Amino acid sequence: MITIRAPGKVILYGEHAVVYGEPALAMAINKYLYVTARARDDNKININARDLRLAGISVTISEGGDVVAKTDYGAVISALSYVKRAIELAMEYLDKKVGIDLEIRSEMPVGAGLGTSAAVAVATILAYAKELGYDIDKRELSRLAWQVEKDVQGSASPTDTTMATFGGIMYIKPEGNNTVMEPVKPGANVPLIIGYVPRISTTKDLVAMVRRKYEIMRNIIEPIIKSIGLITKKGREALEMGDLELMGTLMNINHGLLDALGVSTRQLNDMVYAARHAGALGSKLTGAGGGGCMIALSDRIEVEKAIELTGGSVLRAGLDTNGATIVSND
Ligand code: PMV
């Protein structure tokens, strides 16, 4: 039996602009998704994932080797799809198909933009491989997990799966079909408080909404996107210098521009402003927006309380530097 954990992530600067070739800065957080795997003697795959609302689901490997879910699970099907595809790709990659019991647990809210689906894909593939006695290179793991996201979602940037695999802080710059990812060394601890509310829009819809605006009024939207790119570059410098005050100021400007693009919501804005008024050095929505998460650069309890008073839930997070790792192996 083996337990693997993979971290979630937040985007410090650059979401949405990264879709237009501008850089983004993402940080893996010390909140984890855990997958425990135990090989079976038969061809059954049992998935127990209360935190993903997949309690007691059982799937079977068909004669052809596909992982077959026998029931229509309605709302949970999308979360299940990541686990199912991850197992299929791991089986294909290792050319080894055995039944397995999987238990999945999350310290993060699921579907809030913290990268839980990527963490599920990474941890499931690694747990399956390790439980069967195989090693898997991190670059291969990251590539396979990105494939899971692309297969399930139709399209996906490699940001979340890279962060869940490698951890740390990465400067991400799309270049044509390639994505350049440079690890960034922070000059200081980056204390983050994460506030979250339920999401009312999907990443896909929000990206499409920004795209429509871009097409209708490119001369207005393009400078906003370019400014966000400049903020990301400056934000990277501030982080490397350990200048938290400058980082906070840049977060505030970044949030204003995301709001201008139309991806913030009343609840996100309430949390963002409440955090600043309670003494955070800066705050912004993180991820695609439309509800979901915001980050505040602070470790103050007053900031947590202020976010909660607006109706948001709170998660305190620091940096994860390990990426996907083995937690226990009996
Ligand atoms: O919803 P999230 O946290 O995965 O963030 C999406 C980030 C976007 O820039 C909006 C989209 C993307 O693919 O980069």
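All values reported here derive from a predicted model rather than from experimental measurement. Counting starts at 1 for both ligands and their atoms, following the listed order.
- Atoms of ligand 1 found under 4.0 Å from any heavy atom of G113, numbered from 1 in the order shown, are 3 (O).
- Shortest contact from atom 4 (O) of ligand 1 to any protein heavy atom: D160 OD2, 3.5 Å.
- Ion pairing between a basic and an acidic side chain is recognised when a charged N comes within 4.0 Å of a carboxylate O; E302 and K305 show no such pairing.
- Distances between N or O atoms of V207 and those of ligand 1 include no value under 3.5 Å.
- Heavy-atom neighbours of K213 NZ from other residues, nucleotides or ligands within 6.0 Å: above the threshold of 12.
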Distance-only donor-acceptor pairs under 3.5 Å for side chains of residues 20-32, two or more places apart:
{"residue": "Y20", "atom": "OH", "partner": "R211", "partner atom": "N", "Å": "3.4"}
{"residue": "N30", "atom": "OD1", "partner": "G318", "partner atom": "N", "Å": "2.7"}
{"residue": "Y32", "atom": "OH", "partner": "R5", "partner atom": "NH2", "Å": "3.4"}
{"residue": "Y32", "atom": "OH", "partner": "D320", "partner atom": "OD1", "Å": "2.6"}

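- Looking at R300 and E304, no side-chain N of the basic residue comes within less than 4.0 Å of a carboxylate O on the acidic one, giving no salt bridge.
- In the hydrophobic cluster analysis, where Ile, Leu, Val, Met, Phe, Trp and Tyr join through side-chain heavy atoms closer than 4.5 angstrom, L257 is grouped together with V207.
- Listed by number with element, the atoms of ligand 1 under 4.0 Å from a non-hydrogen atom of E15 are 9 (O).
- Using a 4.0 angstrom heavy-atom cutoff, T159 does not count as in contact with ligand 1.
- Electrostatic pairing of K233 and E237 does not count as a salt bridge here, judged by no charged N lying under 4.0 Å from a carboxylate O.
- At a 3.5 angstrom cut-off on N or O pairs, H16 counts as close to ligand 1.
- Distance from atom 7 (C) of ligand 1 to its nearest protein heavy atom, with residue and atom name: I11 CD1, 3.9 Å.
- For atom 14 (O) of ligand 1, the closest non-hydrogen atom on the protein side is V18 CG1, 3.3 Å.
- On a distance-only criterion, K9 and ligand 1 share at least one N/O pair closer than 3.5 Å.
- A salt bridge does not link D299 to R316: none of the charged nitrogens lies less than 4.0 Å from a carboxylate oxygen.
- Residue, atom and distance of the protein heavy atom nearest to atom 6 (C) of ligand 1 are T203 CG2, 3.8 Å.
- Contact between R199 and ligand 1 is present, with at least one heavy atom of the residue lying under 4.0 Å from the ligand.
- A 4.5 Å side-chain heavy-atom check between E107 and Y34 finds at least one atom pair inside the cut-off.
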